[in-house]
Amino acid sequence: MSEALARHRAGGKRLFDLTVSNPTECGFAYDSEAILAALRHPAALRYEPNPKGLERARVAVTEYYSARGAAISAEDIVLTTSTSEAYSFVFRLLCNPGDELLIPAPSYPLFGFLADIQDVKLVRYPLVYDHGWQIDFHSLLQAITARTRGVIVVNPNNPTGHFIKEKELAKLNELCAKRGMALIADEVFLDFVLGDVKPVTFAGNAGALTFATSGLSKIAGLPQMKMAWVIASGPDELKKQALARLEVIADTYLSPNAPVQLATPVFLQQRHGFQKQVMERVRKNLVELDRRLAGQKTCRRLEVEGGWYAILRVPATGSDEELAIELLTNEDVYVHPGHFFDFGGEGYLVVSLIAVEEEFARGIAGILAAFKEGKTI
Ligand SMILES: Cc1ncc(COP(=O)(O)O)c(C=O)c1O
């Protein structure tokens, strides 16, 4: 796929890119004056090392949660430079080399690298689709061994776009609390809700030791600012111990820089304008997708409750990789094959809903044309 893409680009051919996930390259308007001015805070000239991060930034994070109805103490927050770094800290905190963490499949492909670097073994638990996605708890229970230290959930998941429901949260709490395991919840897409789902946040979850992580990459569309956090919660004594140890890990690096920490309250405010534009784009692209799908019977899309992606179910006549390469070569459309996200079988393509509308429409038209003309089937 990468070689085909490099050849395509080198050939100077047009490309309808339905894999885009970098919000700074999708034509969204940012308040550049406010963003740049926020980076000029006079306090940035002082070095005030604080393992958890500067208090004013952590307080801004608590305000983000109180706006969603969750009361979080600034003392339970550790700032990091990305959710990826937050994962690394939590993996290091919970696991000795060779210990295991359960991850959902399908899901986001970064986990493998993060786990390898921390010598953690990932064990997959399946999500099942039946008019919507849900955790296959039977398989999850079977995946637990004496070395399992925790369960990772992505809420809403990337790329399936489904939220964890109250009942699932209760089950996760019960099974983790019973076995002394932790919950690790990635909530970077929590604000991007479609339909009438009421998202439940894991931030402040009391039923089991929990680490909820999020950051500015998605919330405010500012991945270049490198600001994220992890929030510890759960039974008091466990939370206290976890935070004390997390503090040691964070103190070893003191990663977040002062200008960005000081600008975080402003960056978080910027989320309103950004999220409005994203949701308008996502909704428009979904309408366009459904309009085009209605004109044929070969492909369909799966239900999506939130996030920036949609999953197309397409005829599984070869590997998804071959199909994606064919779409690139014949139709100039770049899509992610399902295996990239650990789908259990063939016949899945993932498309980004934040692609610029015209590009999205052309890309979807290309995919459907390929099936219609029998080129790929
Ligand atoms: C589900 C999920 N979690 C985390 C990340 C990474 O976020 P960060 O830039 O904070 O490391 C991404 C990025 O695409 C993501 O999709």
Side-chain angles (χ1 to χ4, degrees), residues 17-26 28 53 57 61 64 77-92 101-115 117-118 122 124 127 133 135 150-164 183-193 199 201-203 211-231 250 253 255-257 260-261 264 267-268 270-271 274-275 278 282 304-311 336 338 340-343 350-355:
D17 187 352
L18 300 193
T19 71
V20 284
S21 64
N22 179 349
T24 65
E25 287 180 352
C26 290
F28 296 121
V61 174
Y64 163 75
I77 300 175
V78 175
L79 301 181
T80 60
T81 53
S82 61
T83 51
S84 311
E85 189 179 60
Y87 274 123
S88 297
F89 286 8
V90 173
F91 287 8
R92 192 71 294 161
L101 290 170
L102 301 184
I103 58 156
S107 195
Y108 175 62
L110 189 74
F111 295 126
F113 296 99
L114 288 169
I117 290 170
Q118 306 291 338
L122 296 179
R124 283 162 181 72
L127 303 173
W133 291 91
I135 296 174
V151 181
I152 297 175
V153 292
V154 184
N155 181 40
N157 191 32
N158 173 6
T160 59
H162 79 286
F163 287 90
I164 302 287
L183 276 168
I184 304 163
D186 175 333
E187 299 194 324
V188 296
F189 288 111
L190 192 68
D191 293 342
F192 302 93
V193 188
T201 177
F202 282 69
F211 302 93
T213 177
S214 188
L216 296 182
S217 285
K218 304 290 188 283
I219 288 179
L222 295 170
Q224 73 279 30
M225 296 304 175
K226 309 303 293 176
M227 171 52 65
W229 53 84
V230 53
I231 301 170
Y253 299 100
S255 321
N257 67 72
V260 168
Q261 292 186 74
T264 291
F267 291 167
L268 274 170
Q270 294 294 314
R271 75 184 188 275
F274 171 72
Q275 292 182 5
V278 170
V282 164
V304 48
E305 295 174 345
W308 296 357
Y309 304 93
I311 296 164
H336 276 141
F340 190 74
F341 294 91
D342 240 343
F343 276 82
V350 177
V351 296
S352 167
L353 295 170
I354 62 162

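Atoms within a ligand are numbered from 1 in the order they appear, just like the ligands themselves. Computed over heavy atoms, backbone and side chain alike; hydrogens, waters and symmetry mates excluded.
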Taking only residues two or more places apart in sequence, or in another chain, which ones meet Phe343 in a ring pair (Phe, Tyr, Trp, His ring centres under 6.0 Å)? Tyr348
Below 4.0 Å from any atom of ligand 1, which residues have a heavy atom? Give them in chain and number order, please. Ser82, Thr83, Ser84, Tyr108, Val154, Asn158, Asp186, Val188, Phe189, Ser217, Lys218
For residues Ser214 and Ile219, determine if any side-chain heavy atom of one lies less than 4.5 Å from a side-chain heavy atom of the other. yes
Hey, does Thr160 have a side-chain heavy atom less than 4.5 Å from the side chain of Ile311? yes
Contact between Asn158 and Tyr309 at the side-chain level, heavy atoms closer than 4.5 Å - yes or no? yes
Apply the test side chain to side chain contact (heavy atoms under 4.5 Å, CB included) to residues Tyr253 and Thr80: give CA-CA distance (whole Å), side-chain angles for both, the deciding distance (0.1 Å), then the verdict. CA-CA 10 Å; Tyr253 299 100; Thr80 60; over 6 Å; no
How about Ser255 and Glu85: does a side-chain donor come under 3.5 Å of a side-chain acceptor? yes
